[in-house]
> 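Dumping the structure here so I can ask a few things about it.
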Amino acid sequence: MSQPVETPAAAPAMEPLFGEPDKPVRKRRSRAKELLEGSNEPQREAVLHEGSPLLVVAGAGSGKTRVLTRRIAYLVSERDAHPGSILAITFTNKAAAEMRHRVADIIGNRARIMWVSTFHSACVRILRAELHRFGYAREFSIYDDADSKRLMQLVCSDLGLDPKRHPVRKVLNWVSNCKNDLVDHESAGSRAGLGEESYPEAYAQYQLRLRKASALDFDDLIMLTVHLFQAFAEVREHYRRRFRHVLVDEYQDTNHAQYVLIRELCGPSDAGAAAPAPTDQEAPQEGAIDPPELMVVGDSDQSIYAFRGATIRNILDFSTDFPGARTIMLEQNYRSTQTVLSAANAVISHNDGRPAKNLWSAAGDGDRIVGYVADSEHDEAQFVASEVRELVEQGRGTYGETAVFYRTNAQSRAFEEVFIRTGVPYRVVGGVRFYERKEIRDVIAYLRAIANPADDVSVRRILNVPKRGIGDKSEGAIDALAQKAGIPFSEALRRASETALAPGSVKKITGFVDLIDEHRQLVADGAPAHDVLASILDRSGYHAELQGSKDPQDETRMENLAEFLAVAEEFATQASTVDLDGAGAEPNLVGAPEPDPSLPAFLERIALVADSDQIPDAESGGVVTLMTLHTAKGLEFDTVFLTGCEDGILPHQRTLTDPGELAEERRLTYVGITRARKRLYLSRAVSRSAWGAPQHNPPSRFLGEIPDRLMDWRRLGSAVTSWQNSSATARYRERNRIEGFASRVDSPRAKKSIELAVGDKILHTSFGLGTVKKITGSGSNAKAEVDFGSMGAKLLAVQFAPIEKLD
DNA sequence: TCGCGGCGCACTCTC
DNA sequence: TGCGCCGCGA
């Protein structure tokens with residue numbers, strides 16, 4: 001949890017700004033010199049001097065972020081840009097922290113007043129200062145995904161939506177898409193293009209509830225900022241003047257709302273229709289100010305967030321969106337071997353309608369890509385574990401420079417089991433998220449209820465946690481009162497005596513109100529977040545309840561809470577020295593620039609920080625990193641294991657029917673492959689247990705797209721041999737599509753050699769994994785009685801049944 | 001009002 | 001497989 005604070009002096013050794021990252025780091029001075037004198041590569045040089053707007057299209061590993069960093073340093077050093085006038089937007093907080101480090105390494109302490117943050121953090125800052133214009137209270141809660149889902153659940157049941165036909169998740173996604181496309185709920189009903197159901201009422205109700213709770217969800221952060229800019233010309237103008245340089249990393253992952261935000265900020269001046277026309281001849285220059293300079297960097301092949309509303313359109317249409325824009329392409333890769341790149345190129349080239357691009361590397365061919373076909377996911381994990389150990393023992397790699405990627409979080413389990421058993425040190429990034437654990441959410445709800453009295457969702461969550469005798473009945477009565485009087489739930493709690501509840505119940509409720517009030521006072525007195533947290537854990541009885549429990553689970557809960565408390569304390573000390581957005585030292589930024597360790601600031605911080613921001617530094621970790629392909633973006637490792645290369649896993653089952661989604665899966669694979677510097681492993685499992693029942697998937701179609709000469713197959717599946725032959729790939733794929741997985745294990749050759757004994761494990765195309773219970777007859781007459789678990793016992797003709805024997 | 005046990009369902013990816 | 005919800009008994 002302890003990310004390095006922004007202390008340039010203590011910054012870890014960093015990569016050079018360009019050139020091979022593997023080379024020993026040169027001294028800071030020479031690097032700065034190199035920066036200012038330019039590099040030997042003309043395109044990179046051009047990135048510095050090229051005007052605005054500027055689009056840099058760069059392949060994986062070509063140092064996109066480095067180029068962006070360079071431009072910032074150039075602006076400050078050569079063009080005397082005030083660092084406070086620079087806004088750099090990155091995709092994750094982690095990336096923002098890294099960028100601040102890099103810039104600080106070149107221009108020193110002045111980098112501290114640069115504004116580097118994610119879209120969401122930037123918007124929160126602006127909203128804190130400006131949202132009162134829309135009538136919001138200054139303290140608003142920020143709802144994460146789980147909160148939004150909970151809220152939408154209430155809405156759906158209010159509207160009587162059948163959860164079978166209209167799952168909460170689906171409704172929420174629809175609403176989220178509307179917001180990302182800036183379609184407000186009044187016009188959402190007539191929204192065309194989605195084809196499926198639309199939920200304008202749910203949208204309206206959901207927004208109403210959010211509004212009542214003084215809460216914003218993630219999509220609101222962007223949407224409302226855009227609305228602010230559009231509704232108040234002076235606000236828009238203020239930020240256009242304040243930011244003279246706007247730089248956006250990972251532009252391919254921006255959605256429509258984010259694009260409009262950038263356009264409002266950096267578009268041509270006359271775009272602001274609301275701005276008063278300069279008819280007054282006395283002050284013609286007033287208000288006539290050039291838009292901020294804009295530079296965006298991206299790679300359309302790495303767009304992997306379409307499901308969240310990101311649209312590649314933004315990068316393809318950049319030059320139309322921003323007239324006069326120039327484009328620079330960077331195609332040299334400084335990260336990977338040519339072998340790795342060729343594989344990546346081969347896969348991505350199967351996507352239609354992408355601009356031609358061919359990455360090349362000067363790093364040499366390097367090792368071939370190792371392929372492995374495992375029998376099961378355990379076998380796959382076993383292979384990865386032993387391979388990692390071997391690399392480390394032979395001194396060819398370190399744990400910290402090794403990563404294991406998978407498509408879904410659920411796949412991490414097999415690796416964890418085997419890694420624990422074999423003693424390979426590892427760390428899972430993401431997965432069951434820290435902030436999604438029950439106990440953490442509980443205390444966050446406490447903190448929110450204290451900070452934002454209107455936050456009904458949070459108040460009701462902790463009303464009876466820990467148990468204090470306020471049950472459904474009491475809650476219902478209070479809720480009825482709140483509805484009747486039109487007041488927030490927390491307000492109704494104070495008037496509990498007006499209900500028909502028993503005096504005992506009223507007393508319990510009063511006790512709860514007092515508890516919250518007491519801590520609200522604590523906050524008002526300026527107590528830092530961790531003090532409030534520690535107090536509420538104690539006074540609410542939450543701590544005591546866990547302590548008294550005999551459930552071993554509660555022990556880990558205690559540990560988690562202790563860690564959370566540590567996070568809060570760390571936040572307080574950080575906040576008092578440096579602002580996490582790097583904006584704290586800027587006096588005239590927005591509203592309250594002073595870093596503050598207060599409770600609202602802490603809540604804001606934890607709402608916006610994703611767990612994947614806590615990826616340990618690869619160099620210092622010394623442990624193998626396990627993560628999903630999505631979180632892998634922007635990272636790189638010497639050795640990469642890309643696991644689960646199966647149709648149904650990667651590409652994911654739900655994407656197989658949609659060419660557009662399939663293209664995104666291919667880009668995801670591309671991202672995974674290009675994370676590898678030196679060694680790449682591709683593995684798949686013939687059989688994989690998915691919630692209980694074994695399931696067997698055909699090899700990923702993406703595997704067949706990689707030329708044979710690049711591959712070194714360490715082990716092939718026992719029964720399947722033809723699929724990796726590229727000439728057979730198309731046929732295989734076709735056959736597979738028609739027959740489903742039935743064609744995978746019935747190769748004639750495999751059948752001939754099958755000999756079964758009692759106790760053998762076999763794989764049947766229809767029944768799945770089974771155990772041989774009894775054998776009768778022999779040779780071609782052999783029959784086997786096989787127990788297929790939940791599928792029952794079957795009698796099979798060994799010679800003809802579509803089965804495969806497992807080791 | 002609470003606690004327990006049985007059952008049914010769930011797994012994309014994330015700021 | 002494990003989590004969350006529901007219904008029941010105390």
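Per chain, numbering begins at 1; letters A, B, ... match sequence-line order. Every value quoted in this text rests on a predicted model; they were computed, and no experiment measured them.
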> Picking from dC15(B), dT1(C), dT14(B), which would you name as closest to the side chain of Tyr305(A)?
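Ranking dC15(B), dT1(C), dT14(B) by closest atom to the Tyr305(A) side chain puts dT14(B) first.
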> Return the nearest nucleotide to the side chain of Thr408(A); candidates are dC15(B), dT1(C), dC13(B).
dC13(B)
> Can you check the Asp472(A) CG to dC6(C) P distance for me, whole Å?
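For the pair Asp472(A) CG and dC6(C) P, the rounded distance is 11 Å.
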> Between Arg150(A) (CZ) and dG4(C) (C1'), how many Å, whole number?
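Taking CZ of Arg150(A) and C1' of dG4(C), I get 12 Å after rounding.
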> Does Arg437(A) make a cation-pi contact with Phe564(A) (under 6.0 Å, within 45 degrees of the axis)?
no
> Verify whether the ring centers belonging to Tyr305(A) and Phe91(A) lie closer than 6.0 Å.
yes
> From the list dC15(B), dT14(B), dC11(B), which nucleotide is the closest neighbour of the side chain of Thr118(A)?
dC15(B)
> The side chain of Thr631(A) lies closest to which of these nucleotides: dC15(B), dG2(C), dT14(B)?
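For Thr631(A), the side-chain atoms sit closest to dT14(B).
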> Would you mind reading off the distance between Glu377(A) atom CD and dC11(B) atom P, rounded to a whole angstrom?
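Checked: the CD to P distance equals 19 Å.
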> For Phe91(A) and dC15(B), is the gap between ring centres under 5.5 Å while the planes differ by less than 30°?
no
> Where the side chain of Phe307(A) is concerned, which of dC15(B), dT14(B), dG2(C) is the nearest nucleotide?
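The listed nucleotide nearest to Phe307(A)'s side chain is dT14(B).
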> Among the candidates dC15(B), dT1(B), dC13(B), find the nucleotide nearest to the side-chain atoms of Thr628(A).
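It is dC13(B).
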> What is the distance, to the nearest angstrom, from the NZ atom on Lys149(A) to the C1' atom on dG4(C)?
11 Å
> If the test is salt bridge (Lys or Arg N to Asp or Glu O under 4.0 Å), which one of Lys179(A), Arg150(A), Arg211(A) qualifies with Asp217(A)?
Lys179(A)
> Closer to the 5' end of DNA chain B via nearest nucleotide, is it Arg169(A) or Lys467(A)?
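Its nucleotide being nearer the 5' end, the pick is Lys467(A).
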> Rounded to whole Å, please give me the gap between CD1 in Ile89(A) and P in dC15(B).
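To the nearest whole Å, that distance equals 16 Å.
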> Would one find a side-chain N or O of Asn255(A) under 4.0 angstrom from OP1 or OP2 of dC15(B)?
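No.
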> Does OP1 or OP2 of dT14(B) have a side-chain N or O of Thr92(A) closer than 4.0 Å?
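No.
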> Can Arg468(A) be said to sit on top of Phe512(A)'s aromatic six-ring, NZ or CZ under 6.0 Å from centre and within 45° of the ring axis?
no
> Nearest whole angstrom, please: distance from the P of dC15(B) to the CG of Asp249(A).
15 Å
> Can you check the Lys170(A) NZ to dA10(B) P distance for me, whole Å?
14 Å
> Does dC13(B) have OP1 or OP2 under 4.0 Å away from a side-chain N or O of Asn409(A)?
yes
> Looking for any heavy atom pair under 4.0 Å, which part of the strands does Asn464(A) touch: base, sugar-phosphate only, or nothing?
sugar-phosphate
> To check you understand the geometry: which heavy-atom pair defines the closest contact between Ser300(A) and Arg667(A), and what is its length?
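Minimum heavy-atom separation between Ser300(A) and Arg667(A): O-CD, 3.3 Å.
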